[in-house]
Amino acid sequence: LEVAEQLLQLAQQTGDPVQLQVAHQCLGTSSGTVGRLDLAQHHFEQGIALYQPKHYQILVSKYGENTCINSGVQLAMALWLRGFPDQALTQTEITLDLARMEQNPHMLCFALNGAALIRRWRAESEASEPFARECLAVATRFELPFWQLFAATALAWVDAMQEQGDEMDTLLAQLRADGNSVPAGMRLLVLHQIAEGLVHLKRFDEALDKLNEAIALAEEQNERFVESEYYRLKGICLMEQGLGDKRRSKDCFDHALTTSRKRGALSMELRATISLAQLWQRLGRSQDAVPLLDNICSKFSEGFETPDYT
């Protein structure tokens with residue numbers, strides 16, 4: 001984070017719009033990684049506002065990517081996390097339109113993955129699938145293994161949401177074969193999707209293994225972007241296994257709530273609240289769940305048609 005701040009200071013001294021875009025994108029990414037979602041959103045928006053089409057060639061030749069697309073995807077992620085699912089969806093559409101115009105395979109996969117991811121986070125599996133399939137097709141055609149893995153993971157999640165586990169089994173076998181060759185940051189995003197899919201398939205032991213791996217890796221890398229989800233999903237696994245003692249489930253849900261509130265991740269807070277309310281209901285304490293749900297729902301100003309909210 002300190003290095004990214006220094007980079008922005010240097011870019012501000014030059015006043016160069018391209019350098020400023022790169023610096024804002026770096027600081028936005030660093031801020032989001034440590035859980036400063038408000039700051040991440042600010043810097044992504046600042047960088048995007050500076051972009052002009054004439055900057056494209058300079059950005060790609062000098063930095064290897066169009067930071068406007070990178071920032072656009074990450075801005076959508078920050079918006080969803082902060083409780084703006086409709087704005088997040090709109091941002092993915094704007095970013096994907098730009099990527100299609102530029103016809104750069106890597107950046108198109110970036111935008112397609114972002115479109116699939118936001119719809120996945122919105123719990124819209126059918127809407128997510130076409131973007132994941134197109135991402136896989138483009139990545140396969142241009143031999144982009146990074147995006148092939150991401151797309152395969154997204155499709156395994158879609159398959160799991162449809163009560164099918166074949167894609168998930170294929171993905172798990174691939175990851176076992178690859179060992180530790182997948183970079184840590186990428187592995188965390190993959191583990192999150194795998195764990196959520198396994199939970200939906202009621203394969204709780206496998207999900208717990210992946211979640212414990214993700215929690216340890218996130219701690220090691222100081223990666224806080226979706227930390228609360230690891231604990232919420234772990235709490236669900238413990239609750240559904242019927243181990244008798246529900247305290248460990250509650251501890252996980254409480255940790256997810258504390259973490260999401262600390263980060264300002266309103267959408268994650270909603271999910272953690274719903275999971276805790278479900279635990280209260282099972283324990284015959286429905287009266288404790290109602291005020292929790294009423295409180296979190298009152299904080300939203302959009303996204304009332306999304307599955308999480310309804």
Side-chain angles (χ1 to χ4, degrees), residues 25 29 32 44 48 56 59-60 63-81 85 88-162 164-175 177-178 181-198 200 210 225-226 229:
Q25 184 257 309
T29 300
F44 292 138
I48 290 170
Y56 171 75
L59 285 164
V60 172
Y63 301 101
E65 65 178 20
N66 183 346
T67 55
C68 186
I69 293 174
N70 187 317
S71 293
V73 170
Q74 294 194 76
L75 173 58
M77 295 166 70
L79 285 167
W80 184 86
L81 287 166
L89 191 62
T90 299
Q91 183 60 48
T92 64
E93 293 167 351
I94 293 170
T95 304
L96 183 54
D97 285 345
L98 176 60
R100 290 195 190 284
M101 285 191 296
E102 294 180 350
Q103 299 182 333
N104 178 305
H106 167 62
M107 298 314 300
L108 178 56
C109 284
F110 202 133
L112 286 166
N113 181 71
L117 181 146
I118 293 302
R119 286 159 179 82
R120 182 168 67 252
W121 281 3
R122 286 168 57 98
E124 298 168 343
S125 59
E126 290 186 6
S128 177
E129 183 175 6
F131 299 101
R133 292 206 177 280
E134 185 179 356
C135 182
L136 181 60
V138 174
T140 301
R141 178 184 175 189
F142 291 96
E143 299 181 346
L144 303 172
F146 179 93
W147 293 117
Q148 283 179 292
L149 177 56
F150 262 122
T153 305
L155 290 171
W157 177 88
V158 169
D159 198 42
M161 294 304 110
Q162 297 170 354
Q164 302 294 323
D166 292 346
E167 296 276 2
M168 184 65 70
D169 290 333
T170 300
L171 177 63
L172 291 171
Q174 178 185 347
L175 290 175
D178 291 342
S181 63
V182 180
M186 181 181 184
R187 191 171 185 85
L188 276 170
L189 291 172
V190 169
L191 286 170
H192 175 217
Q193 295 176 64
I194 289 174
E196 187 175 21
L198 290 171
H200 192 81
K210 297 302 177 186
F225 213 58
V226 292
E229 270 291 271

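Contact between H106 and G64 at its shortest, heavy atoms only, is CD2-O, 4.3 Å. Scanning both residues, A154 and A132, for their nearest heavy atoms gives CB-CB, 3.8 Å. Heavy atoms only, all atoms of each residue included: G72 and Q91 are closest at O-CG, 3.3 Å. The shortest heavy-atom contact between A76 and T92 is CB-CG2, 3.6 Å. The two residues L108 and A99 come nearest to each other via the heavy atoms CA-CB, 4.0 Å. N66 and E102 make their closest contact through ND2-OE2, 2.8 Å (heavy atoms, listed as atom of the first residue, atom of the second, distance).
To the nearest 0.5 Å, the span separating NE2 on H200 from CD on Q164 amounts to 10.5 Å. Interatomic distance, L96 CG to N113 CG, rounded to the nearest 0.5 Å: 11.0 Å. Taken from CH2 in W121 to NE2 in H192, the straight-line distance is 7.5 Å, to the nearest 0.5 Å. The distance from atom CH2 of W157 to atom OG of S128, rounded to the nearest 0.5 Å, is 5.5 Å. Atom CD in E126 sits 6.5 Å away from atom CD in Q162 (nearest 0.5 Å). Here the straight-line distance linking atom CG of L89 with atom CH2 of W80 works out to 13.0 Å at 0.5 Å rounding.
Note on R119 versus E93: salt bridge recorded, some NZ/NE/NH1/NH2 to OD/OE distance being below 4.0 Å.
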Given the rule in the side chain to side chain contact (heavy atoms under 4.5 Å, CB included) test, do L112 and W147 qualify, once you have shown the distances and angles that lead to the verdict?
CA-CA 10 Å; L112 286 166; W147 293 117; over 6 Å; no
One pair to check against side chain to side chain contact (heavy atoms under 4.5 Å, CB included): F225 and L189. What are the steps and the verdict?
CA-CA 10 Å; F225 213 58; L189 291 172; 5.6 Å; no
Does the side-chain hydrogen bond (donor to acceptor under 3.5 Å, both in side chains) test come out yes or no for Q74 and T29, once each step is laid out?
CA-CA 8 Å; Q74 294 194 76; T29 300; 2.8 Å; yes
Take M107 and L98, measure what side chain to side chain contact (heavy atoms under 4.5 Å, CB included) needs, and give me the verdict at the end.
CA-CA 10 Å; M107 298 314 300; L98 176 60; over 6 Å; no
Start with the C-alpha gap between L75 and T95, add the side-chain angles, then the distance that decides, and say whether side chain to side chain contact (heavy atoms under 4.5 Å, CB included) holds.
CA-CA 10 Å; L75 173 58; T95 304; over 6 Å; no
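Looking only at distances, no side-chain donor or acceptor of T140 sits under 3.5 Å from a matching main-chain atom of A137. R122 places a side-chain N or O within 3.5 Å of a backbone atom of P85 that can act as its donor or acceptor partner.
With E167 as reference, D159 is the one residue of L172, D159, V158 to meet the side-chain contact (heavy atoms from CB on, under 4.5 Å) rule. The only option from E129, E196, Q193 that meets the side chain to side chain donor-acceptor pair (under 3.5 Å) definition with R120 turns out to be Q193.
For the pair N104/I69, no side-chain contact is recorded, criterion being any heavy-atom separation below 4.5 Å from C-beta on. For the pair I118/V73, no side-chain contact is recorded, criterion being any heavy-atom separation below 4.5 Å from C-beta on. Residues Q174 and Q148 are not in side-chain contact: their nearest non-hydrogen atoms beyond the backbone lie 4.5 Å or more apart.
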